[in-house]
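Below: one structure, written as structure tokens.
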Amino acid sequence: MKYEVVMGLEVHIELATESKLFCACSAKFGADANENVCPACAGMPGMPAVTNKRAVELGIAAAIVTNSEITRIMTFDKKNYFYPDLPTGYQITQWSAPICRNGWVEVETSAGKSKITLKQIHIEEDAGKLVHDTRTNTSLVDFNRTSVPLVEIVSNPDFRTSDEVIAYLIKLRSLLSFAGVSDCKMQEGSMRCDVNISVREAGSAVLGTRTEIKNMNSLKAIARAIEYESGRHITALETGCETLIQETRRWDDNAGETFAMREKENATDYRYFPNPELMPVYISDEWINEVRESLPEMAHEKYLRMTEKLGLTEYDSKIITGSKNLSVIFDETLKFFNKPKEVVNWIIVDLLSIAKGDNKGEDDIVIDCEKFAKIMNMVDSKIINRTVGKKLLVKVFEDGIDPEAYVKENELGIAADTGFLEHIIREIISENEKSVAEYKNGNQKVIGFFVGKIMKKCEGRADPQYVNELLRKILDNTDL
Amino acid sequence: MLNIENYEAMAKLKLPDNEREWINIRADMLISSFAELEKINTDDVNPMVTVLDLQNILREDITVKMLSREEILSNAPEQYAPEQYDGYFQVPRTLE
Amino acid sequence: MDCFITDYKTGAALNSGCVVLEDSIMQKGRLTTAGSKILENFISPFDATVVSRLIANGKKILGKTKLNEFGIGRVSQDRPDDISGAVTAVADGVAETGLCNDFSGTVRRQAAEHGLCYIHPTYGTVSRYGLIPAISSMDQIGVVCRDLAAGFDILSVIAGSDPNDGAMYPDKVYSYSAASAAAGKNLKLGVPRNVLDLADEAGKSAVMEFAKQFDTAEECELKYFCVYSQVMYILGCAEISNNINRYDGIKFGYRTNNYKTLNDLYLNTRTEAFGLDTKLAAVMGSMVLSQEQYTPYYEKAMKIRRLIKESLEFDKYDIIVLPSGMKGDPYKQNALYALATLAGLPSVSMPYHGGGIHLIANVKNENALYTAWEVTKQ
């Protein structure tokens with residue numbers, strides 16, 4: 001019996017706004033519990049909701065990059081339920097007129113290209129966070145995340161493999177991070193994914209019983225969860241050892257299994273109704289064009305520009321455009337040092353390995369691009385050599401030092417003073433007449449010997465290539 | 001007769017019998033009165049969500065720190081004072 | 001009949017310009033209970049916009065007055081309304097004016113019964129920031145006053161757009177004025193026959209006497225009057241049930257001592273602390289918004305609300321005149337006040353000729369009401 005796994009995804013993305021969706025509290029990640037909270041997002045009465053314009057714009061941007069049909073008159077609704085992380089007892093969401101519908105995203109896996117169609121995208125507020133206090137056996141609530149703006153991207157059940165799911169999430173992350181909609185960091189919760197999964201006999205048109213999987217916190221966890229749950233469904237269908245029911249299940253990455261969520265309100269009546277204090281939002285053609293025109297360069301556009309206009313390799317361009325953060329670093333650094341091949345090299349070879357040593361991924365690297373460019377400049381103009389440059393980069397990355405000042409203070413500059421170098425070269429030559437004779441007789445290897453001695457004499461500060469050139473010039477002009 | 005208990009549960013109430021009885025009677029009376037609505041033809045009428053004819057009332061994306069954490073926590077029930085819980089609000093253990 | 005508290009040394013009136021606030025309006029650092037046990041210990045973290053504006057204008061706020069829980073009017077005869085504390089304060093001369101959120105019409109009715117006036121402004125002209133919400137699409141802070149001049153003076157201080165409330169007209173300032181009584185006589189009145197027939201004798205005669213003061217008073221029809229109460233109740237209980245979801249004992253307010261689980265906490269806190277009328281609204285609200293009932297009740301009521309508003313003919317009349325009281329139970333009586341609330345229109349109630357009248361004008365046409373009052377003073 002051949003089975004087909006059918007999946008749909010609900011992806012929640014936190015929008016990159018400064019303030020929350022309906023109040024002016026900071027929406028930034030990482031503050032102490034209940035630090036970014038006002039009476040409205042703590043559920044106190046008396047503060048009417050007022051919609052964040054930037055959140056709407058980022059919603060429009062998300063619609064554009066997913067080829068969606070934008071709803072021209074968009075409204076908000078209230079969804080009623082009780083849970084401690086929902087301080088007002090209702091969530092403001094979009095039930096009847098979501099910001100857009102019917103978009104699509106193209107994904108590519110080793111099996112080829114496929115098109116994932118989207119049912120809709122809607123804007124809604126996030127809930128707070130619950131932490132469990134084991135010593136008192138209670139739960140603790142933090143409202144910092146309450147009312148942070150989200151878009152929920154609902155796909156149609158177009159997925160057939162976990163490869164497709166992973167490729168889709170990577171593509172979504174690329175589209176949305178490059179468009180400036182969100183930083184899409186799963187580890188910080190700004191990108192969260194639930195998977196709806198069912199299994200049917202291959203060739204059947206009827207969908208099997210569907211379960212929803214929640215609590216997968218990384219791409220790897222998602223792949224593992226899909227593997228497990230589809231296996232569970234298939235086993236159930238083949239052996240009848242359990243009856244599949246439509247339910248929500250929680251993925252436990254440590255245990256490697258899904259568990260039924262007992263308290264999950266599978267049959268809650270949310271009593272949706274229109275929010276009367278939020279006026280409708282009319283999204284005009286002008287507004288959509290404004291947003292479209294102000295979109296930053298997207299990953300695939302940048303890739304084309306890098307390979308076709310800047311002459312960079314496909315491999316290098318792929319790495320840079322695989323991360324919005326790296327792309328930004330590339331662009332910014334290029335402004336101060338306009339040699340694309342060099343910049344790319346420094347990023348891929350040097351910066352990435354330093355960051356890895358510090359346990360930072362590409363999306364998390366923070367570097368002062370002007371200082372980064374200065375290092376490249378100094379190496380390029382032979383003020384310092386590359387080895388010194390790499391060491392400087394570590395210092396800029398860790399401590400943010402000023403590379404030019406540091407070089408001066410510590411006298412790391414190449415003895416680029418030709419006169420000084422010449423003097424040293426002539427000194428070494430005069431001390432090693434035998435080797436000079438060997439060179440004159442055709443022994444090229446002696447050059448290495450000389451260069452070594454010269455480098456030692458100027459404490460490694462010289463540029464070996466330059467020394468080599470100058471040495472040969474002098475040797476060839478010396479008549480003994 | 002309305003299934004009061006269903007809607008009580010949605011509203012997170014657990015009415016004592018005498019109150020439920022009172023509410024049942026009032027609810028019946030109200031629902032009977034609602035029958036009048038059916039007589040009015042509303043085909044092709046758009047629901048009115050607000051009397052205001054306004055659009056695009058939007059706020060600039062600026063952060064304002066309105067109250068300190070202490071002020072926000074100060075109204076929490078005293079015996080569950082958030083100071084004991086590192087600034088969190090406390091509830092009985094949720095299941096997850 | 002003016003009654004002021006006077007300074008015993010100088011004889012100057014101490015309470016002229018003094019305002020009381022219904023306890024649904026927040027003052028920073030003070031208790032705001034909205035008449036409910038569930039907020040019995042709630043200290044407001046900020047001032048309502050109307051409060052900031054009163055203070056900036058040099059008005060003195062004397063204190064808070066009591067109200068029905070969340071301002072919800074009673075719907076059954078076995079539970080008569082308590083008298084609004086603001087009405088008492090102004091009637092006793094303790095304050096010159098009082099601010100209330102009178103979506104239910106209770107204060108409009110009681111004001112007229114106690115020889116006072118009430119101004120219920122156009123929806124969207126006074127900020128709801130700092131007002132404990134009951135029905136967000138209908139809440140509007142208005143003024144109890146001895147005479148409309150004092151009332152409109154206060155209203156002009158508090159009305160005007162506020163970035164903290166997104167459901168407001170953009171006008172920054174409203175200034176109210178009455179034309180002369182002579183000019184006022186030209187105001188056209190609409191007198192709904194179908195409503196008048198339901199009024200008590202005092203109400204009927206008040207309306208007829210009032211109409212005589214004007215050159216043009218014609219019969220009009222309030223086509224959907226027979227469903228005003230129902231539409232009002234359905235829309236109102238739905239929004240109220242939603243606006244009280246936040247009261248759960250976790251962040252502020254009353255919290256039960258009797259619970260083990262989270263669900264107990266919710267159930268017991270809310271059951272112990274809400275009054276009967278609030279519970280009724282909560283249950284009915286859940287019902288009309290529930291999946292099967294949404295279309296026949298809530299959506300239907302929203303549609304009829306539109307029909308109600310669109311059926312008014314302010315090209316034919318400037319003011320609709322209604323009696324301020326009616327025969328029958330409170331639920332039916334509410335219909336009198338529902339029109340202004342449902343359609344977001346300005347209205348004024350006042351004592352007249354041994355009874356009371358309730359006048360309604362078109363959006364932002366408070367001046368017609370002010371002028372009509374001028375005419376009655378003659």
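Note on naming: letters A, B, ... go to the chains in the order of the sequence lines (proteins, then strands), and numbering restarts at 1 for each one. In this text, all values refer to a predicted model and were calculated from it rather than measured experimentally.
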TODO: Measure the OG1-OH distance between Thr94(B) and Tyr83(A) for me, rounded to the nearest 0.5 Å.
DONE: 4.0 Å
TODO: Considering only heavy atoms and a distance below 4.5 Å, find which of Ile57(B), Val51(B), Asp53(B) pairs most often with chain A.
DONE: Ile57(B)
Task: Interchain contact, Leu21(A) with chain B, by part (heavy-atom threshold 4.5 Å) - done: backbone
Task: Polar side chain donor-acceptor pair, Thr63(B) to Ser26(A), under 3.5 angstrom - done: no
Open item on the list: Please check: side-chain N/O of Thr138(A) versus main-chain N/O of Gln90(B), any donor-acceptor pairing under 3.5 Å?
Closed with: no
- [ ] For Thr50(B) and Met279(A), run side-chain contact (heavy atoms from CB on, under 4.5 Å): C-alpha distance rounded to whole Å, both residues' side-chain angles, the deciding distance at 0.1 Å, then the answer.
- [x] CA-CA 8 Å; Thr50(B) 173; Met279(A) 300 298 120; 3.9 Å; yes
Open item on the list: So, taking the atom named CZ in Arg69(B) and the one named CG in Asn144(A), what distance separates them when rounded to the nearest 0.5 Å?
Closed with: 8.5 Å
Task: Shortest non-hydrogen contact between Leu54(B) and Pro280(A), atoms and distance - done: O-CD, 3.6 Å
- [ ] Output the option from Thr51(A), Asn80(A), Asp32(A) having the highest count of non-hydrogen pairs under 4.5 Å with chain B.
- [x] Thr51(A)
TODO: Tell me, yes or no, whether the heavy-atom count around Asn18(B) atom CG, taken from other residues, nucleotides or ligands under 6.0 Å, exceeds 12.
DONE: yes
Task: Partners meeting salt bridge (charged side-chain N to carboxylate O under 4.0 Å, His left out) with Lys28(A) (sequence neighbours left out) - done: Glu18(A)
Task: Non-hydrogen atoms of Val56(A) and Leu58(B) that approach each other most closely - done: CG2-CD2, 4.3 Å
Open item on the list: Could you tell me if Ser19(A) and Asp61(B) have a donor-acceptor pair between their side chains, going purely by distance under 3.5 Å?
Closed with: yes
Task: Region of Ile283(A) in contact with chain B, defined by heavy-atom distances below 4.5 Å - done: neither
TODO: Please look at Phe143(A) and chain B and tell me whether the side chain, the backbone, both or neither of the residue comes under 4.5 angstrom of a heavy atom of that chain.
DONE: side chain
Open item on the list: Distance check, rounded to the nearest 0.5 Å: Glu71(B) atom CD versus Cys38(A) atom SG?
Closed with: 12.0 Å
Open item on the list: I need the Asn34(A) CG to Tyr88(B) OH distance, nearest 0.5 Å.
Closed with: 8.0 Å
- [ ] Drop me the distance from Thr75(A)'s OG1 to Gln55(B)'s CD, to the nearest 0.5 angstrom.
- [x] 11.5 Å
Open item on the list: Checking the side chain of Lys53(A) only, and the main-chain atoms of Asn56(B) only, is there a donor and an acceptor separated by less than 3.5 Å?
Closed with: no
- [ ] For chain B, find which of Ala27(A), Gly128(A), Pro84(A), Ala42(A) contributes the most heavy-atom pairs closer than 4.5 angstrom.
- [x] Pro84(A)
Task: Met10(B) versus chain A, the contacting section by heavy-atom distance below 4.5 Å - done: both
Task: Between Ala24(A), Pro274(A), Cys23(A), Gly89(A), the one whose heavy-atom pairs under 4.5 Å with chain B are most numerous - done: Ala24(A)
Open item on the list: Under 4.5 Å from any heavy atom of chain A, what part of Ile62(B) do you find: side chain, backbone, both or neither?
Closed with: backbone
Task: chain B contact via Met74(A) - side chain, backbone, both or neither, heavy atoms under 4.5 Å - done: neither
Open item on the list: If I take atom CG from residue Asn52(A) and atom CZ from residue Arg59(B), how far apart are they, to the nearest 0.5 angstrom?
Closed with: 4.5 Å
